[in-house]
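So the structure is just underneath, and the comments pick up after that.
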Amino acid sequence: MNSVKHFLQFSDFTRAEYDHLFERARWIKAEFKAYRKYWPLCDRTLVMIFEKASTRTRLSFEAGMQQLGGSAIYLNSRDSQLQRGESIEDAAQVISRMSDVVMIRTFEQAMIERFAAHSRVPVINGLTNEYHPCQILADIFTFIEHRGPIQGKTVAWIGDSNNVCNTWLQAAEVLDFRVHVSTPPGYEVTPERAGLHGTRHFAQFADPLDAARQADLVTTDVWTSMGFEAENDARRRAFADWQVDVEMMRAASPQALFMHCLPVHRGEEVAAAVIDGPQSVVWDEAENRMHTQKALLEYVLLGHVDGAQQNPQSGT
């Protein structure tokens, strides 16, 4: 089991591994856009376990696995024995004997860590309360597509210090860029919760305009994440001055991009003029979930694949 490659948080992979994944995502996406079949995962099965609702995560993994020649099985915890008290450890033993890779979208990070510890196959974090590594994998790939390497750049995170924010902080440490975070009082990021060992790549700002100033990327998320719905009214009041609007984008670099992991509430965390404006790349970002996850699935199952090797399914 020790040789199994899991992807449970962004810090699990090295910078060299991410360089490989971004190159593979570029190649795999180009094959997809050219309608060239690429089936390296023929006869492989992905099991997707959902304890949280999803649109993009389910669609991107299921479509991506099928495009790689494999199959995907959807399991909702309400429809499985997990809901009736089967232990995570036992479920991991059984599911991993009947599949080749498992993706889990759940609440506590501890659940996915326990599952991975007893799995015979790779486990991928599709989202937990603490981390969302697949989202940041897609976001950084999208930035690279539009602006080149992210090393040395500045990312401004405006809003809630949630799982996506935590993952941006991990990514900054691995890939050597800087994250400026601005949250309302009482919602500040805790570096320890993000699994950080230092703060060289991270700074907090009381004023969101200061965080956005000269940033190369401005990004945000909903003010109320899944599981915190009871706080919705209080959060709307607290976050009222943390909307990413036109003024904030003007404070950023003239070439700055805007991203949002979606779903979005226009008029709350972001103004419609921003998300629907020329600096927004949210639709590329959403599509790239599928392409980067295809590269990730290929990597955890097949290891380092040479991008120049012949594609046996397309004849290229």
| Checking Q279 side chain against V274 main chain: does a donor-acceptor pair fall under 3.5 Å? | no

| said: Run the side-chain contact (heavy atoms from CB on, under 4.5 Å) test on D160 and R235 for me, step by step, so that the C-alpha distance in whole Å, both residues' side-chain angles and the decisive distance to 0.1 Å come before the verdict. | reply: CA-CA 9 Å; D160 189 20; R235 283 173 173 262; 3.0 Å; yes

| task | Scan W168, Y131, Y18 and name whichever one has a ring-ring contact (aromatic ring centres under 6.0 Å, His included) with F10. | result | Y18

| Got a second to check how far M103's CE is from Y74's OH, nearest 0.5 Å? | 9.5 Å

| query | Within the side chain of T292, is there an N or O that forms a donor-acceptor pair under 3.5 Å with the backbone of A25? | reply | no

| Looking at CZ of R237 and CG of N232, how far apart are the two atoms once the value is rounded to the nearest 0.5 Å? | 10.0 Å

| Centroid-to-centroid, H291 to F141, below 6.0 Å? | no

| said: Using 0.5 Å steps for rounding, measure from the CG atom of L301 to the CG atom of L41. | reply: 5.5 Å

| said: I need the I104 CD1 to K52 NZ distance, nearest 0.5 Å. | reply: 13.5 Å

| Under 3.5 Å, is there a donor-acceptor pair linking the side chains of Q255 and S253? | no

| Going only through I, L, V, M, F, W and Y residues with side-chain contacts under 4.5 Å, is there a path from F7 to L169? | yes

| said: I'd like to know if E287 pairs up with K33 as an ion pair, taking the criterion as any Lys NZ or Arg NE/NH1/NH2 lying under 4.0 Å from an Asp or Glu carboxylate oxygen. | reply: yes

| said: Under the criterion side-chain contact (heavy atoms from CB on, under 4.5 Å), I'd like the reasoning laid out for Y38 against E298: C-alpha separation, chi angles, the key distance, then a yes or no. | reply: CA-CA 11 Å; Y38 178 55; E298 178 193 69; 2.6 Å; yes

| Going by distance alone, is a donor N or O of one side chain under 3.5 Å from an acceptor N or O of the other, for Q170 and Q9? | yes

| Spacing of CZ belonging to F22 relative to CD1 belonging to I140, to within rounding of 0.5 Å | 5.0 Å

Under 3.5 Å, which donor-acceptor pairs link side chains of residues 95-102 to any protein atom two or more places apart or in another chain?
{"from": "S96", "atom 1": "OG", "to": "A92", "atom 2": "O", "distance (Å)": "2.6"}
{"from": "S96", "atom 1": "OG", "to": "Q93", "atom 2": "O", "distance (Å)": "3.4"}
{"from": "S96", "atom 1": "OG", "to": "R120", "atom 2": "N", "distance (Å)": "3.1"}
{"from": "S99", "atom 1": "OG", "to": "I95", "atom 2": "O", "distance (Å)": "2.8"}
{"from": "D100", "atom 1": "OD2", "to": "T45", "atom 2": "N", "distance (Å)": "2.7"}

| task | Indicate whether any N or O donor in one side chain lies under 3.5 Å from an N or O acceptor in the other, for E269 and T220. | result | no

| request: Could you go through the side-chain contact (heavy atoms from CB on, under 4.5 Å) check for F13 and L21 one step at a time? | output: CA-CA 10 Å; F13 286 6; L21 284 175; 3.7 Å; yes

| query | For Y187 and W242, what are the C-alpha separation, side-chain angles and deciding distance, and is it a ring-ring contact (aromatic ring centres under 6.0 Å, His included)? | reply | CA-CA 12 Å; Y187 296 90; W242 272 261; 9.1 Å; no

| said: Please determine whether a side-chain nitrogen of the Lys or Arg among R250 and E247 lies less than 4.0 Å from a carboxylate oxygen of the Asp or Glu. | reply: no

| Under 3.5 Å, is there a donor-acceptor pair between the side chain of D12 and the main chain of L8? | yes

| Between CG of L209 and CE of M248, what distance do you get to the nearest 0.5 Å? | 5.0 Å

